[in-house]
J.: 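Provided herewith is a single structure, encoded as structure tokens, for subsequent inquiry.
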Amino acid sequence: MEKEKQPLFSTYEQNNSYMQDRLQVDKSFDIVNLDLEYADRKMSMFFIDGFAKDDILHLLMKFLAKLEPDDLEPDALTKLMKRYIPYIELDQVDDLNQAADTVLGGPTALIVEGINKVIIIDARTYPVRSPGEPDLERVVRGSRDGYVETIVFNTALTRRRVRDRSLRMEYMQIGRRSLTDICICYLEDIADENRVKDLKSKLKEIDTDGLPMAEKTIEEYISGRHWNPFPTVRYTERPDTAAAHLYEGHILLFIDGSPSVMITPTTYWHHLQHAEEYRQKPIVGAYLRFVRFIAVWLSIFILPLYYLFSVNPELLPKGMEFIGPNELGTVPILLQFIIAELGIDILRMAAIHTPTSLATAIGLVAAILIGQVAIEVGLFSYEVILYLAIAAIGTYATPSYEMSLANRMVRLFLLLSAAAFGVEGYLIGTLLWILYTVRMKSFEIPYFWPVLPFSFRAFRDVFIRTPIPLKRKRPSILHPQDPDR
């Protein structure tokens, strides 16, 4: 939506009054308006208390206080911008509405009598935590820094690893009221130009008051498929992971206020890779990836399979008759699984909302008291607890948190299908899941690539952690301008 513009008025008093009214200075204690007079000219500063760097503004005021009236003649704006305001980040605007919106973002606006522009001094600072290692993407070897909630810090962490002159950081604001800062990041010599243009157009089409949930709100606007549980973008809080995707030809989105960087586009297999695999020797990384794939697929298929074998023991091959409950118990197996699944989610939510000092106690209560007592009273069988634990471990071994939640939904769907229609329901449910993911696209990229459509080189790189010197081609599905690494 096009914003209404307000050119500066002919007098300083009108400009100052308009800014005071636009920012409602008298109704918000943290919006500061300083009325000043330097070089026989009236000046007015507008800034947010808590965002402005006090020492920088104090230094600038010292310089302005030394000015004589003749120092600003004949071109006051040029002399202030180029000589008498010694600061790096300076800008000028001729729109009072834009100046007021800029102040709300942190910079300082300076109105000077006799000048028909507003001087913007970007001397701001945000409350920020130290860039610690992300909890969801820990590695044994590797860097310990991670993204934080301030967009400028995040772009700096990325540029530190990608010192390429073609690296582009393009700034936008989204949200009529929130005016949230976002940054589109890509390598201009590598990324597909059409895909960059398409992403920009989708971002510009977002028309909403604000982005209260930051990157998740943007994802829902640009990815579509609102009821699809599978993630079509990947999130990372690691600068090295983000840099690796930039070199492949992906496009990143930084959103101010979020430590998660959005990677677009992504396939199903991007969500099953982890930085730890590339921090070890290739053969070790290949083994870790193989084990991770087994864990992920067990988290999806093991519970429905166990249920089928339990209610249809004739399906078991000879020598595997031990699979299945020794005692059926008073509660049906399907109900046991559903109760246990809900119980795990309840415990997960309880752990999130539990203070760290009590988290261990909650775990002990859940594992020892609830689990053991539930088995003793006949609510659960030992086998149900065992296979549910395997499925839960596979869920938490999934590198992408969003993919792990989607796989849990698939597991429940297959379990209910097997319970309702038996072996046929399980097979048809699995086929429907495969067809659904095969038909999916992430920003016009086939979600199941390189399996479908098949690409041998990419297929090898996905299922085997290929040594970096042998990965000489970028993913062809991204249509990189420079296909060679």
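We count residues from 1, following the sequence as given. Please read all numbers here as calculations on a predicted model, not as lab measurements. FYI, side chains are in, hydrogens and waters are out, and symmetry mates aren't considered; it's all heavy atoms of this structure.
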J.: What's the separation between atom CD1 in I48 and atom CG in D30, rounded to the nearest 0.5 Å?
T.: 5.5 Å
J.: Is it true that the side chains of S17 and Q14 contain a donor and an acceptor less than 3.5 Å apart?
T.: no
J.: Test side-chain contact (heavy atoms from CB on, under 4.5 Å) on T208 and I206 and set out the steps.
T.: CA-CA 6 Å; T208 183; I206 297 176; 3.9 Å; yes
J.: Check for a donor-acceptor pair, side chain of E133 on one end and backbone N or O of V139 on the other, with a separation under 3.5 Å.
T.: yes
J.: Under 3.5 Å, is there a donor-acceptor pair between the E205 and Y221 side chains?
T.: no
J.: Does a salt bridge link R472 with D484, judged by any charged N lying under 4.0 Å from a carboxylate O?
T.: no
J.: Are any side-chain N or O atoms of E137 and backbone N or O atoms of E237, one a donor and one an acceptor, separated by less than 3.5 Å?
T.: yes
J.: Could you tell me the separation between the CG atom of N97 and the OG1 atom of T102, rounded to the nearest 0.5 Å?
T.: 10.5 Å
J.: Do the side chains of R124 and D122 get close enough for a salt bridge, i.e. N-O under 4.0 angstrom?
T.: yes
J.: Mind listing the closest non-hydrogen atom pair of L8 and D95 along with its distance?
T.: CD1-N, 4.1 Å
J.: Are I218 and I255 side-chain neighbours, meaning at least one heavy-atom pair lies under 4.5 Å?
T.: yes
J.: Looking at R41 and E68, is there a salt bridge between them, counting it only when a charged N and a carboxylate O are closer than 4.0 Å?
T.: no
J.: Anything under 30° is parallel, anything over 60° is perpendicular, the rest tilted; go ahead and classify W297 against W269.
T.: perpendicular
J.: Answer yes when D75 and K79 have at least one side-chain N-carboxylate O distance shorter than 4.0 Å, and no when they do not.
T.: no
J.: Apply side-chain hydrogen bond (donor to acceptor under 3.5 Å, both in side chains) to D164 and S166, showing your working.
T.: CA-CA 5 Å; D164 192 309; S166 72; 2.8 Å; yes
J.: Under a 4.5 Å cut-off applied to non-hydrogen side-chain atoms, are L412 and E341 in contact?
T.: yes
J.: Is the shortest side-chain heavy-atom distance between M19 and S44 below 4.5 Å?
T.: no
J.: Would you say the side chains of T466 and D461 form a donor-acceptor pair under 3.5 Å?
T.: yes
J.: Are any of the side-chain heavy atoms of K204 and M172 separated by less than 4.5 Å?
T.: yes
J.: Using 0.5 Å steps for rounding, measure from the NZ atom of K53 to the OG1 atom of T108.
T.: 11.0 Å
J.: Got a second to check how far F46's CZ is from L23's CG, nearest 0.5 Å?
T.: 6.5 Å
J.: Does S299 offer a backbone N or O that forms a donor-acceptor pair with the side chain of T395 under 3.5 Å?
T.: no
J.: Nearest 0.5 angstrom please: I119 CD1 to M81 CE, how far?
T.: 6.0 Å
J.: Taking the side chain from S258 and the backbone from S260, do they hold a donor-acceptor pair closer than 3.5 Å?
T.: yes
J.: More than 12 non-hydrogen atoms from neighbouring residues, nucleotides or ligands closer than 6.0 Å to OH on Y171, yes or no?
T.: yes
J.: Just by distance, do the side chain of Q24 and the backbone of D21 share a donor-acceptor pair under 3.5 Å?
T.: yes
J.: Test R195 against I445 for side-chain contact (heavy atoms from CB on, under 4.5 Å), laying out the working first.
T.: CA-CA 10 Å; R195 186 160 291 117; I445 295 297; 3.2 Å; yes
J.: Are any side-chain N or O atoms of Y12 and backbone N or O atoms of M43, one a donor and one an acceptor, separated by less than 3.5 Å?
T.: yes
J.: When the ring centroid of F9 is compared with that of Y18, is the distance short of 6.0 Å?
T.: yes
J.: So E402 and F230, side-chain contact (heavy atoms from CB on, under 4.5 Å) or not? Walk me through it.
T.: CA-CA 7 Å; E402 289 76 17; F230 289 96; over 6 Å; no
J.: Looking at T437 and I434, what are the two nearest heavy atoms and their distance?
T.: OG1-O, 3.0 Å
J.: Hey, are the side chains of F254 and L252 touching, using non-hydrogen atoms and a 4.5 Å cut-off?
T.: yes
J.: More than 12 heavy atoms of other residues, nucleotides or ligands under 6.0 Å from CZ of F153: is that the case?
T.: no
J.: Using the side chain to side chain donor-acceptor pair (under 3.5 Å) rule, pick out the option among T158, N154, T236 that qualifies with Y147.
T.: T158
J.: Does a sphere of radius 6.0 Å around CZ in F443 hold more than 12 heavy atoms from other residues, nucleotides or ligands, not counting ones at 6.0 Å or beyond?
T.: yes
J.: Indicate yes or no for a side-chain donor-acceptor contact from N16 to the backbone of I111 under 3.5 Å, with no hydrogens or angles considered.
T.: no
J.: Quick one: sort the Y447 and H271 rings into parallel, tilted or perpendicular, breaks at 30° and 60°.
T.: tilted
J.: Within the 4.5 Å heavy-atom criterion, are R160 and P239 side-chain neighbours or not?
T.: no
J.: Regarding K42 and E13, does a basic nitrogen lie under 4.0 Å from an acidic carboxylate oxygen?
T.: yes
J.: Indicate yes or no: does E277 engage R292 in a salt bridge with an N to O separation below 4.0 Å.
T.: yes
J.: In terms of heavy-atom contacts, does CD1 of I88 have more than 12 from other residues, nucleotides or ligands at under 6.0 Å?
T.: no
J.: Checking D256 side chain against I151 main chain: does a donor-acceptor pair fall under 3.5 Å?
T.: yes
J.: So, for F463 and F293, is the gap between ring centers shorter than 6.0 Å?
T.: yes
J.: Hey, could you give me the NZ/CZ distance between K471 and R465, rounded to the nearest 0.5 Å?
T.: 8.0 Å
J.: Begin with the C-alpha distance, continue with both residues' side-chain angles, and end with the deciding distance and a verdict on side-chain contact (heavy atoms from CB on, under 4.5 Å) for I182 and L203.
T.: CA-CA 10 Å; I182 71 167; L203 291 170; 3.9 Å; yes
J.: Between Q20 and D26, does any side-chain donor sit less than 3.5 Å from a side-chain acceptor?
T.: no
J.: Looking at H270, is its backbone amide N or carbonyl O close enough to the side chain of R234 to form a donor-acceptor pair, meaning the two atoms are under 3.5 Å apart?
T.: yes
J.: Identify whether the distance between the nearest side-chain nitrogen and carboxylate oxygen of R161 and D240 falls below 4.0 Å.
T.: no
J.: Using the side-chain hydrogen bond (donor to acceptor under 3.5 Å, both in side chains) rule, take T180 and S178 through it: C-alpha gap first, then chi angles, then the decisive distance, then the call.
T.: CA-CA 5 Å; T180 303; S178 68; 2.9 Å; yes
J.: Is the closest side-chain heavy-atom distance between I300 and W433 below 4.5 Å?
T.: yes
J.: How about M61: does its CE atom have over 12 heavy atoms from other parts shown lying under 6.0 Å from it?
T.: yes
J.: With a 4.5 Å heavy-atom cut-off, do D94 and N116 have their side chains touching?
T.: no
J.: Are F454 and W449 close enough that their ring centres sit under 6.0 Å apart?
T.: no
J.: Parallel, tilted or perpendicular: which fits the ring planes of F448 and Y268, with parallel below 30° and perpendicular above 60°?
T.: tilted
J.: Any Lys/Arg nitrogen of R138 or E276 sitting under 4.0 Å from an Asp/Glu carboxylate oxygen of the other?
T.: no
J.: Would you check if the side chain of S28 reaches a backbone N or O of V25 as a donor-acceptor pair within less than 3.5 Å?
T.: no
J.: Less than 3.5 Å apart, which donor and acceptor atoms pair up between the side chains of residues 183-193 and the rest of the protein, not counting sequence neighbours?
T.:
from, atom 1, to, atom 2, distance (Å)
Y186, OH, E170, OE2, 2.4
E188, OE1, R168, NE, 2.9
E188, OE1, R168, NH2, 2.8
D192, OD1, N194, N, 3.2

J.: Pairing donors with acceptors under 3.5 angstrom, does anything connect the side chains of R141 and Y278?
T.: no
